[in-house]
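Report on the structure given below.
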Amino acid sequence: VVTITTHGERTVLVGLVVHPVSRRVVDEHLDELERLVATAGGSVVDRMVQERPAPDPSTLVGSGFVEQIGERCDATEAQSVVFDEDLTGSQVRNLERRLPDDVKVLDRAGVILDIFALRARSREARTQVELAQLSYLLPRLTRRWQHLSRQAGGIGTRGVGETQLEIDRRLVSQRISQLKAELASIEAERRLRRERRERSTSLALVGYTNAGKSSLFRRLTGAAVLVEDRLFATLDPRARRVALGDGVVAVLTDTVGFIRKLPHDLVAPFRSTLEEAIIAELVLHVVDVSHPGWQEHLRVGGEVLEELEVDPDQVLVVLNKIDLLDGPVPSLPGAVAVSAVTGAGVETLLTTVRRRLLSRPGVEVLAVPLADALGVQTAMELPRQLAHRFEPERLVIAVIATTQELPPELIAYRLPTWPEG
Ligand SMILES: Nc1nc2c(ncn2[C@@H]2O[C@H](COP(=O)(O)OP(=O)(O)OP(=O)(O)O)[C@@H](O)[C@H]2O)c(=O)[nH]1
Ligand SMILES: [Mg+2]
């Protein structure tokens, strides 16, 4: 895995305001981009924003503005320019041609890929990241790629011939096929492990990066996972059994965060990691409600979940960091408000999760009197149990089953819904 940005590199950020997006929103996006660049090891020395009726097809911003960017790079001794918008391969080439020598041109997606490359640890994550990087680079093989081959000890220079580029392309394509095969075998192993694992209810924490997923994971499971005030702290997600109270047990999975314009090249390889979210009975979509852009974060998360084909009925929105709010919690139908740090609202969250898990179609709830000892034994031996609780007079148990699958002697004990303890 190679990284594109260099540690400590001086960087100029460029944003584009195109109607109907407002200047304020673009500034917010640049704040986020600045954090991304810092996470990738660079430092931002300047920001430039252009307002235009439409993007320029060849250089994104106007040609006069490109010149201004060049002057600013000279003045600040910047080595790279990062655009908040996605750039096409030809836009990168055109921009690099017009900017001072040795100034690299990157877009947001390139920086995100860099961060992933820096932070991925497990074999699976590293393979996914390299695959994502190469898929991203293939259509953009230009000077930047030569920068990479320089890093790798090659001799890439600016005026490299088409033939060298063709060879590079072929090598990259070969490596991509190799990585895909590797990933397929890692995924097969993972699937096998999951099948062997006792089939239990699964819950997944998903959401925008820095929303507090890992903090909530820690609060709910007590596991000491990495929590950091930085973007993409979690790249190798954890799963852990968690008692949700009232006899309900589930496996909770923390996942990689989402971000605006998460490169598609990254979503695809990380699909298998997010598969835990796809198969989860309930997805907790965590949103940092104290962030000014929380509604956009919610929308971005919704879009990724849609791309992963997660059924919206399976999603519970969790508004986190309410301890940081000055005013009241914004009202959002069906959402639960919590603070992973103070623990406020966590009890309500657990109650809601239990209710959502146990009131799904296909779940049968039974209340077996303890006096019927044989009935209790039969019930406790049922497969696919979600929850059980012993009360002084009865056993309350929930299983995934159709009414027909229940032993006939238990049918009389059916309850319409799970009774809270
Ligand atoms: N005040 C406050 N801070 C919180 C809360 N939840 C999380 N944080 C802080 O927010 C930052 C990010 O938290 P994480 O749990 O690492 O966020 P994450 O969603 O796992 O982020 P990634 O793994 O990067 O996607 C940390 O500094 C946390 O301490 C909360 O409820 N209140
Ligand atoms: Mg995390």
- Message: Quick one, I176 and L131 - any side-chain contact, counting heavy atoms below 4.5 Å?
- Response: yes
- Return the minimal non-hydrogen interatomic distance between E364 and T403, and the atom names on each side. OE2-OG1, 2.7 Å
- Drop me the distance from L357's CG to R355's CZ, to the nearest 0.5 angstrom. 11.0 Å
- Quick one: do D313 and R356 make a salt bridge, cutoff under 4.0 Å? no
- Message: Restricting to non-hydrogen atoms, name the atom on T221 and the atom on V242 that form the minimum distance, rounded to 0.1 Å.
- Response: CG2-CB, 4.0 Å
- Roughly how far, to the nearest 0.5 Å, is the CD atom of Q178 from the CG atom of L183? 12.5 Å
- Item | Rounded distance [0.5 Å steps], CH2 in W418 versus CZ in R360 | 13.0 Å
- Note on the structure: Which of L308, T253, T255, V310 passes side chain to side chain contact (heavy atoms under 4.5 Å, CB included) with V283? It is V310
- Message: side-chain hydrogen bond (donor to acceptor under 3.5 Å, both in side chains), that's the test. Do S80 and T11 meet it? Break it down for me.
- Response: CA-CA 5 Å; S80 58; T11 304; 3.1 Å; yes
- Spell out, as yes or no, whether a donor-acceptor pair under 3.5 Å connects the side chain of K321 to the backbone of A340. no
- State, yes or no, whether a side-chain contact exists between T39 and V111 at a heavy-atom distance under 4.5 Å. no
- Query: Less than 4.5 Å apart, any side-chain heavy atom of W294 and any of L319?
  - Reply: yes
- Ionic contact status for R35 with E32, cut-off 4.0 Å: no
- Aromatic ring pairing H285/F258, orientation class (parallel under 30°, perpendicular over 60°, tilted between): perpendicular
- Message: For R123 versus S185, what's the shortest heavy-atom pair and its separation?
- Response: NH2-OG, 4.4 Å
- Task: Please report the closest heavy-atom contact between Y136 and A109, naming both atoms and the distance.
- Result: CE1-CB, 3.8 Å
- Where the side chain of N320 meets the backbone of V286, is there a donor-acceptor pair that is under 3.5 Å apart? no
- Item | Working for salt bridge (Lys or Arg N to Asp or Glu O under 4.0 Å), residues R394 and D372 | CA-CA 9 Å; R394 60 180 189 170; D372 180 358; over 6 Å; no
- Message: Just so I know, are the side chains of L36 and L33 near enough to count as touching, which here means a heavy-atom distance under 4.5 Å?
- Response: yes
- Item | Option among D84, V12, L30, V14 that satisfies the side chain to side chain contact (heavy atoms under 4.5 Å, CB included) test with R47 | L30
- Task: State, to 0.1 Å, how close I112 and R260 come at their nearest heavy-atom pair, and which atoms those are.
- Result: CD1-O, 4.4 Å
- Query: Considering all heavy atoms of both residues, which atom of L358 and which atom of A387 are nearest to each other, and what is their separation?
  - Reply: CD2-CB, 4.2 Å
- Task: With the side chain counted from C-beta on, respond yes when L99 and V66 share a heavy-atom pair under 4.5 Å apart, and no when they do not.
- Result: yes
- Message: Working to the nearest 0.5 angstrom, can you tell me the gap between L298 CG and D288 CG?
- Response: 12.0 Å
- Evaluate the side-chain proximity of L366 to L382: yes if any heavy-atom separation is below 4.5 Å, no if none is. yes
- Message: Regarding E130 and R126, does a basic nitrogen lie under 4.0 Å from an acidic carboxylate oxygen?
- Response: no
- Item | From D254 atom CG to R218 atom CZ, the distance as rounded to the nearest 0.5 Å | 11.0 Å
